[in-house]
Amino acid sequence: MFDRMADVLELGGEDPFKVNAYRKASRVIKELKEDIENVWKTDRLNTLPGVGTGLAKKIDEFLKTGRMTKYEEIIGSFPSDLVDLLGIQNLGPKTLARAHKELAVNTLEDLKQVIQNGRLAQLPGMGQKKVENILKGIALREESTGRIPLGKVLPVVDEIIHALRKHLSTGRIYPAGSVRRMQETVGDIDILVETDPSRDILEAFTSLPLARRILGRGKTKASILIEGNIQVDLRAVSSDSYGAALQYFTGSQAHNVRLRSMAKEQGYKLNEYGIFKGEKKIGGETEEEIYEMFDLTWIPPELREDRGEIEAAVEGRLPELVDLYDINGDFHVHTNWSDGTASIKEMAQKAASMGYTFIGICDHSSSATYAGGLTPERLLEQIKKIREANREIHGIRILSGAEVDIRTDGTLDFADEILAELDIVIASVHSGFKHHVTERFITASRNPYVSILAHPTGRIIGQREGYEVDLDRVMNVCVETGTALELNAYYERLDLNDTNTRKAKEAGIKIAIGTDAHNTDHLDAMRLGLGVARRGWLEKRDVLNSLSVAEILKFSKRKRLAQF
DNA sequence: GCCGTTTTCGGCCCGACTGTTTTCAGTCG
């Protein structure tokens, strides 16, 4: 509601700082780890940063009565179709408000019409080119699918950097923005090259074969549109400013606002060229330099969301984030025994080539008929085959496991005697998403053979909301029973997500990263899972993948010895 | 609308690019 109010206030030409205050409060509430209702009940609304007397009163009214007078009043001041037009690129609040006031534009159709009949171009300050750009913005929005999953974008980023490298033999080339922060979806791609600003590299960039359209090209920055309507921005930055630029363009915006305020308080000025004391530049070549000026250790990009990382850095208690070299294996892998395409050996060999010491084969169970789920007999047969494979392949231990379905009545697809034969058991929900999912997870968690609950919220990025599940209750039982939660690294799942992962860690729950690979290439998704884990503040000790084979087996067995 | 150990008033992050102007406004990130 606050976000929407901000949009409308902006249209109305309200003080931009006021608009921003609404946006900030909205973000703070959105990222709150507990329910806002809880905060309200315990009379702590005014402890939230960005929530003062005014906004607290509005929240209070809403939670008490289900209505917010100010919201209704503000929202009513502009037609809602008009407010939706704010998302169109190149059309900002000023122009839109003017089109509304002077040309009676209320809908997208109205807007298209005043573009066509030339009246928009006649407004003061407007012209043919601006109108054309708005038209492009409209077209872009109509074709666009919104934010893109990170997993789809990373290979493209690699490709672009590889191509740029051919034009630039030395100098740093890094992605910035949400890609570098490993956010689960990205709106566009930012890339920074270390080179003296010249048009050469920018021209090389805009003439890349994958460039579908050139959106702009200046001396220091260029933008293109590639397939799938993904915008890629390239910036050329000189060596002595590269660190400052990388810091600046990595964001997040909220993190940078905090850092810049700190700079100002301490008498510095921070921009993308460096950190300045008066006119004198005192740093900017590396990111570390920037953070050092504030007596902070370098903050990993995945943490830069203003979710407490600055405070943690000030107090010297930043987490030592889990890293790729801490990862000894993958828990969740399918083979051609169910719906995967590779054999047990092929998956194991690829995993071994990645330096893993274990891989968990967890094919589907019988009720997953759509996925060729294994019958108990087939599973026992697979266990034998895995034993054989372990004798043949060296350097990696193949763990026998299963992704066993939690049926709608809460029972598991395999009997306990079967599960007892396995090294690890992952339990998951694949049907009845609205059918007592919380209770089913809790029942599964109490089963002594279940080591991990798979993709606990069931969301599919950009496609499906997820199950009706009370994650807090599930987590409580996981703590009690010593059950781990999965961080499913498949690019459309990333489930648990970053904030839930952090919540699980804080509750003391171990996280098992699994790629849910259905072929050998999918194993590379570990990179994505690791990104989310790091965004969730996970350290080596929070992640089951960092354990040795012996420790993993101990972890599964430990539960079997306890009684619930 | 928020915020405060120099402040309860007067700040609130800041630069590039584009298109429209002939010194700047709007938009974006």
Side-chain angles (χ1 to χ4, degrees), chain A residues 2 5-6 9-11 13-28 45-59 70 74 85-99 120-134 136-137 140 176-181 186-192 197 199 202 214-223 231-237 241 244-245 247-276 290 306:
Chain A
F2 285 164
M5 287 162 90
L9 289 172
E10 194 173 27
L11 260 186
E14 206 21 290
D15 175 14
F17 296 107
K18 185 173 179 175
V19 172
N20 196 37
Y22 275 88
R23 294 229 164 94
K24 183 179 176 192
S26 159
R27 192 183 67 85
V28 166
L45 282 180
N46 59 354
T47 66
L48 302 179
V51 177
T53 358
L55 292 178
K57 229 170 128 184
K58 294 178 178 67
I59 298 170
K70 190 77 180 181
I74 289 177
L85 299 183
L86 270 180
I88 294 171
Q89 235 187 1
N90 305 317
L91 175 65
K94 294 281 197 302
T95 310
L96 188 57
R98 196 147 206 176
L120 188 67
Q122 285 161 13
L123 287 179
M126 294 296 288
Q128 205 46 50
K129 283 218 150 178
K130 280 199 169 182
V131 171
E132 269 168 32
N133 282 335
I134 293 172
K136 279 182 193 163
L140 195 62
S178 47
V179 172
R180 184 156 179 254
R181 298 200 314 278
V186 303
D188 60 12
I189 301 172
D190 292 302
I191 296 175
L192 250 59
R199 285 186 179 256
L202 298 178
I214 300 169
L215 297 175
R217 185 173 68 204
K219 272 210 302 259
T220 64
K221 134 179 189 195
S223 300
Q231 183 172 333
V232 187
D233 296 338
L234 187 81
R235 290 184 164 82
V237 182
S241 294
Q247 195 289 317
Y248 178 79
F249 288 112
T250 296
S252 66
Q253 208 183 356
H255 177 88
N256 284 356
V257 167
R258 286 290 309 275
L259 220 54
R260 284 208 185 188
S261 313
M262 278 176 78
K264 210 163 179 177
E265 272 167 34
Q266 299 179 19
Y268 300 123
K269 191 178 78 152
L270 180 61
N271 60 27
E272 59 261 55
Y273 296 104
I275 181 155
F276 300 84
I290 310 276
D306 189 21

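In what follows, every heavy atom counts, from backbone to side chain, and hydrogens, waters and symmetry copies are set aside. Keep in mind that what you see is a predicted model, and the values were worked out from it rather than measured. In what follows, chains are A, B, ... by sequence order, proteins preceding strands, each numbered from 1.
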Engineer: If B:dC28 has a Watson-Crick or G-U wobble mate with both distances under 3.5 Å, name it; if not, just say none.
Structural biologist: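 Across all strands, the one nucleotide that pairs with B:dC28 is B:dG15.
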Engineer: Choose from B:dG1, B:dC28, B:dC13 the nucleotide whose nearest atom is closest to any side-chain atom of A:Lys70.
Structural biologist: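 Looking only at heavy atoms from C-beta outward on A:Lys70, the closest nucleotide is B:dG1.
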Engineer: Under the 3.5 angstrom rule, does the side chain of A:Arg217 hit a backbone N or O of A:Ala222 as a donor-acceptor pair?
Structural biologist: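 Side chain of A:Arg217 to backbone of A:Ala222: no pair is present.
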Engineer: For B:dG29, take OP1 and OP2 only and decide whether either is under 4.0 Å from a side-chain N or O of A:Gln89.
Structural biologist: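 Yes.
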Engineer: Taking only N and O in the side chain of A:Thr220, is any of them less than 4.0 Å away from OP1 or OP2 of B:dC17?
Structural biologist: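 Checking A:Thr220 against B:dC17: at least one side-chain N or O falls below 4.0 Å of OP1 or OP2.
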Engineer: May I have the distance from A:Glu272 (atom CD) to B:dA16 (atom P), rounded to whole angstrom?
Structural biologist: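 After rounding, the gap between these two atoms is 6 Å.
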Engineer: Would you please confirm or rule out a distance under 4.0 Å between OP1 or OP2 of B:dC12 and any side-chain N or O of A:Ser261?
Structural biologist: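 Negative; the distance criterion is not met.
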Engineer: Step by step, would you call A:Asp190 with A:Val179 a side-chain contact (heavy atoms from CB on, under 4.5 Å)?
Structural biologist: CA-CA 8 Å; A:Asp190 292 302; A:Val179 172; over 6 Å; no
Engineer: Nearest-Å distance, CZ (A:Arg217) to P (B:dA16)?
Structural biologist: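 Spelled out: CZ on A:Arg217 to P on B:dA16 is 19 Å.
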Engineer: Base, sugar-phosphate alone, or nothing: which one does A:Lys94 contact when heavy atoms must sit under 4.0 Å apart?
Structural biologist: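 Sugar-phosphate, backbone atoms only, no base.
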Engineer: Heavy-atom count check: over 12 atoms from other residues, nucleotides or ligands less than 6.0 Å from A:Gln266 CD?
Structural biologist: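 Correct, the count exceeds 12.
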Engineer: I need the CE-P distance between A:Met262 and B:dT5, as an integer number of Å.
Structural biologist: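 Rounded to whole Å, this separation is 14 Å.
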Engineer: For atom P, what is the distance between B:dC28 and B:dT23, given to the nearest Å?
Structural biologist: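 The same atom, P, in both gives a distance of 26 Å.
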Engineer: Rounding to the closest angstrom, what is the interatomic distance between B:dC14 and B:dC9 at atom P?
Structural biologist: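 Taking atom P in both B:dC14 and B:dC9, they lie 24 Å apart.
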Engineer: Return no unless some side-chain N or O of A:Tyr268 is found under 4.0 Å from OP1 or OP2 of B:dC14.
Structural biologist: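 Answer no for this pair, as no side-chain N or O of A:Tyr268 is under 4.0 Å from OP1 or OP2.
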Engineer: Should A:Ser26 and A:Met5 count as side-chain neighbours, where that means a heavy-atom distance under 4.5 Å?
Structural biologist: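 No, too far: nothing below the 4.5 Å cut-off.
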Engineer: Could you tell me how far B:dT7 sits from B:dC17 if I compare only their C1' atoms? Round to whole Å.
Structural biologist: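 Approximately 37 Å lies between the C1' atom of B:dC17 and that of B:dT7.
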Engineer: Indicate yes or no for a side-chain donor-acceptor contact from A:Ser261 to the backbone of A:Val257 under 3.5 Å, with no hydrogens or angles considered.
Structural biologist: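 Yes; at least one donor-acceptor contact below 3.5 Å.
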Engineer: Using the P atom as the reference point in each nucleotide, state the distance between B:dC2 and B:dC13 in Å, no decimals.
Structural biologist: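 B:dC2 and B:dC13 have their P atoms separated by 16 Å.
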Engineer: Give a yes or no on whether the backbone of A:Asn133 and the side-chain of A:Asn90 come within a donor-acceptor separation of less than 3.5 Å.
Structural biologist: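 Answer holds: yes.
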Engineer: Suppose you measure atom C1' in B:dT20 against the same atom in B:dA25; what distance do you get, rounded to whole Å?
Structural biologist: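 Between the two C1' atoms, the distance is 8 Å.
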Engineer: Round to a whole Å and report the spacing from CD of A:Glu132 to P of B:dT20.
Structural biologist: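 That distance rounds to 9 Å.
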Engineer: Can you figure out which of B:dG15, B:dG19, B:dC13 approaches the side chain of A:Asn271 most closely?
Structural biologist: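 Selected nucleotide (nearest to the side chain): B:dG15.
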Engineer: More 5' along DNA chain B: A:Lys269 or A:Leu86, using each one's nearest nucleotide?
Structural biologist: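 First, find each residue's nearest nucleotide; the 5'-ward one identifies A:Lys269.
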Engineer: Using a heavy-atom cut-off of under 4.0 Å over every strand shown, decide if A:Pro49 touches base, sugar-phosphate, or nothing.
Structural biologist: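 A:Pro49: backbone/sugar contact only, no base atoms under 4.0 Å.
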Engineer: Checking all strands, does A:Leu91 fall into the base, sugar-phosphate, or nothing category for heavy-atom contacts under 4.0 angstrom?
Structural biologist: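 The answer is sugar-phosphate, as A:Leu91 gets under 4.0 Å only of primed atoms, P, OP1 or OP2.
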Engineer: Looking at A:Asp233 and A:Lys221, does any basic side-chain N land under 4.0 Å from a carboxylate oxygen?
Structural biologist: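 Not counted as a salt bridge, because no side-chain N and carboxylate O are separated by less than 4.0 Å.
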Engineer: Between B:dT22 and B:dG29, how far apart are the C1' atoms? Round to whole Å, please.
Structural biologist: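 The answer is 28 Å between these two C1' atoms.
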Engineer: When we call it a touch if two heavy atoms are under 4.0 Å apart, what does A:Lys58 touch: a base, just sugar-phosphate, or nothing?
Structural biologist: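 Touches sugar-phosphate only.
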Engineer: Any side-chain N or O of A:Asn256 less than 4.0 Å from the OP1 or OP2 oxygen of B:dC13?
Structural biologist: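 Answer no for this pair, as no side-chain N or O of A:Asn256 is under 4.0 Å from OP1 or OP2.
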Engineer: Verify the distance criterion only: is there a donor paired with an acceptor across the side chains of A:Asn256 and A:Gln247 at less than 3.5 Å?
Structural biologist: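 A donor-acceptor contact under 3.5 Å links the two side chains.
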Engineer: Within 90° of 0 counts as syn, otherwise anti: where does B:dT20 fall?
Structural biologist: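 Judged by the O4'-C1' to base torsion, B:dT20 sits in anti, the angle falling more than 90° away from 0.
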Engineer: Rounded off to whole Å, could you give me the NZ-to-P distance for the A:Lys264 and B:dC13 pair?
Structural biologist: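 Rounded to whole Å, this separation is 7 Å.
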Engineer: What does A:Leu215 touch in the nucleic acid at a heavy-atom separation under 4.0 angstrom: a base, only the sugar-phosphate, or nothing?
Structural biologist: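 A:Leu215: no heavy atom of the nucleic acid under 4.0 Å.
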Engineer: Mind calculating the distance between CD1 (A:Ile191) and P (B:dG29) to the nearest angstrom?
Structural biologist: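 These atoms are roughly 16 Å apart.
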Engineer: To the nearest Å, how far apart are A:Asn20 CG and B:dC12 P?
Structural biologist: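 Taking CG of A:Asn20 and P of B:dC12, I get 12 Å after rounding.
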Engineer: If you look at every strand shown and take non-hydrogen atoms under 4.0 Å, does A:Tyr248 touch a base, only sugar-phosphate, or nothing?
Structural biologist: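 Base: the residue A:Tyr248, judged by heavy atoms under 4.0 Å, touches a nucleobase.
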Engineer: Between A:Asp233 (CG) and B:dG29 (C1'), how many Å, whole number?
Structural biologist: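 Nearest whole value for this atom pair: 8 Å.
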Engineer: With a 4.0 Å cut-off on heavy atoms, is A:Asn133 in touch with a base, just the backbone sugar-phosphate, or nothing at all?
Structural biologist: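 Sugar-phosphate, no base atom in range.
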Engineer: Looking for any heavy atom pair under 4.0 Å, which part of the strands does A:Gln128 touch: base, sugar-phosphate only, or nothing?
Structural biologist: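 Counting heavy atoms under 4.0 Å across all strands, the contact made by A:Gln128 is with sugar-phosphate only.
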Engineer: In terms of side-chain heavy atoms of A:Lys130, which of B:dG29, B:dG26, B:dC2 is nearest?
Structural biologist: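 The nucleotide sitting nearest to the side chain is B:dG26.
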Engineer: Closest to the A:Pro93 side chain: B:dG1, B:dA16, B:dT27?
Structural biologist: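 Selected nucleotide (nearest to the side chain): B:dT27.
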Engineer: Could you tell me how far B:dG1 sits from B:dT5 if I compare only their C1' atoms? Round to whole Å.
Structural biologist: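 Between the two C1' atoms, the distance is 24 Å.
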Engineer: Closest nucleotide of DNA chain B for A:Gln231 versus for A:Leu48: which of these residues is on the 5' side?
Structural biologist: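 Of the two residues, A:Leu48 wins.
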Engineer: For a quick check of understanding: with a heavy-atom distance under 4.0 Å over all strands, which category does A:Pro124 fall into, base, sugar-phosphate or nothing?
Structural biologist: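 Counting heavy atoms under 4.0 Å across all strands, no contact is made by A:Pro124.
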